[in-house]
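See below for the structure under consideration.
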Amino acid sequence: MRKPCCEKKETNKGAWTKQEDQKLIDYIHKHGEGCWSSLPLAAGLLRCGKSCRLRWVNYLRPDLKRGNFGEDEEDLIIKLHALLGNRWSLIAGRLPGRTDNEVKNYWNTHLKRKLMKMGIDHPDNHRLTAGNNPLLNKPITSKPAVISFTNPTINYGVESKKTALCIVPDLNLDLTIGPPPLP
DNA sequence: AATTCAATCAACCGCCTCAAG
DNA sequence: CCTTGAGGCGGTTGATTGAAT
């Protein structure tokens with residue numbers, strides 16, 4: 001079994017202090033994101049490199065948006081999750097200013113629950129509760145591609161009147177994965 | 001006001017991949 | 001090839017906060 005990356009040294013754990021944050025910010029402003037394993041020593045931090053990277057990527061980066069997710073962001077997450085599954089970093093890559101951790105947390109706390117309320121009892125694979133919806137009692141032959149969005153037009157539709165349908169096995173999501181947009 | 005419960009989210013853990021030696 | 005270590009990722013935990021009783 002591999003040793004943990006920071007077994008060699010005593011390192012701080014838990015919440016970061018303001019001073020630690022500042023040290024990390026200062027160091028990265030001066031030297032850029034480089035070798036995370038040697039960063040803590042160089043920056044005067046008693047943290048392991050992984051912890052520094054995580055703190056920077058998820059919290060200190062200046063281009064982070066933070067705050068509530070917009071409806072368009074929600075839709076995009078649902079759409080991308082249907083396509084990619086739990087590939088949070090890929091999903092986050094399509095949401096400027098959002099991190100994988102943030103997207104993952106948002107999915108687990110808000111969206112999962114929201115989809116379940118809409119009758120999708122397996123939000124992880126975007127399957128609707130068959131018993132609730134006669135349309136769905138047909139066998140699904142291929143991997144369900146799912147879904148719904150408030151914007152553009154289709155909704156999961158369990159409750160919405162304007163809805164069309166919800167699971168379309170071979171639905172073309174008209175979504176291509178490319179490099180994330182430039183900042 | 002005090003207590004309990006639920007929701008949220010920052011941070012950790014362990015695994016995987018990949019490049020360097 | 002094989003080994004090693006760094007970086008990155010997804011799953012999970014636990015502290016904190018807010019709401020309900």
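By convention in this document, chain letters (A, B, ...) are assigned in the order of the sequence lines, proteins followed by strands, and residues within each chain are numbered from 1. Just so it is clear, the values below take in all heavy atoms, side chains as well, and ignore hydrogens, waters and symmetry mates.
- C:dG8 atom C1' lies 13 Å from atom CZ of A:Arg61, rounded to whole Å.
- Distance from the side chain of A:Asn105 is smallest for B:dA10 among the nucleotides B:dC12, B:dA10, C:dA6.
- Distance CZ (A:Arg66) to P (B:dT8): 16 Å, rounded to an integer number of Å.
- A:Asn58 places its CG atom 15 Å from the C1' atom of B:dT8, with the value rounded to the nearest Å.
- Taking 4.0 angstrom as the limit, A:Trp107 places none of its side-chain polar atoms (N or O) nearer than this to OP1 or OP2 of C:dG10.
- Listed nucleotides C:dG10, C:dA6, B:dT8 differ in distance to A:Ser37; the shortest reach to its side chain belongs to C:dA6.
- The side chain of A:Trp16 has B:dA11 as its nearest neighbour among B:dA11, B:dA7, B:dC15.
- When each of B:dC12, C:dG11, B:dC9 is scored by its nearest atom to the side-chain atoms of A:His110, the top-ranked nucleotide is B:dC9.
- A salt bridge links A:Glu74 to A:Lys114: at least one charged side-chain nitrogen sits closer than 4.0 Å to a carboxylate oxygen.
- Counting only heavy atoms from C-beta on, A:Arg53 has its side chain closest to C:dC9 among B:dC9, C:dG10, C:dC9.
- Under the salt bridge (Lys or Arg N to Asp or Glu O under 4.0 Å) rule, A:Glu20 has a single partner from A:Lys13, A:Arg55, A:Arg47, which is A:Arg47.
- Between A:Arg87 and C:dC9, a side-chain N or O to OP1/OP2 separation shorter than 4.0 Å is absent.
- When distances are taken from the side chain of A:Ser89 to each of B:dA10, B:dC12, C:dC9, the shortest belongs to C:dC9.
- Taking every side-chain heavy atom of A:Trp36 into account, C:dG8 is the closest of B:dC12, C:dG8, B:dC9.
- A:Arg55 places its CZ atom 18 Å from the P atom of C:dG8, with the value rounded to the nearest Å.
- Rounded to a whole Å, the NZ atom of A:Lys104 is 13 Å from the P atom of C:dT13.
- Which of B:dC9, B:dC12, B:dG14 sits closest to the side chain of A:Lys50 comes down to B:dG14.
- Atom CG in A:Leu90 sits about 8 Å away from atom P in C:dC9, given to the nearest Å.
- Comparing atom distances between the A:Cys35 side chain and each of B:dC9, C:dT12, C:dG7 picks out C:dG7 as nearest.
- Using bins of under 30°, 30° to 60° and over 60° for the plane-to-plane angle, the ring pair A:His29/A:Trp56 lands in the perpendicular bin.
- Of the candidate nucleotides B:dC12, C:dG7, C:dG10, B:dC12 has the atom nearest to the side chain of A:Lys13.
- Rounded to an integer number of Å, the gap from OH of A:Tyr59 to P of B:dC9 is 11 Å.
- Using a 4.0 Å cut-off between a side-chain N of Lys or Arg and a carboxylate O of Asp or Glu, A:Glu73 and A:Lys65 qualify as a salt bridge.
- Judged by distance alone with a 3.5 Å cut-off, a donor-acceptor contact links the side chain of A:Asn101 to the base of B:dA11.
- To the nearest 0.5 Å, atoms CD1 (A:Ile28) and SG (A:Cys52) are separated by 8.0 Å.
- Looking only at distances, no side-chain donor or acceptor of A:His81 sits under 3.5 Å from a matching main-chain atom of A:Ile77.
- Rounded to whole Å, the distance from CD on A:Glu20 to C1' on B:dA10 is 14 Å.
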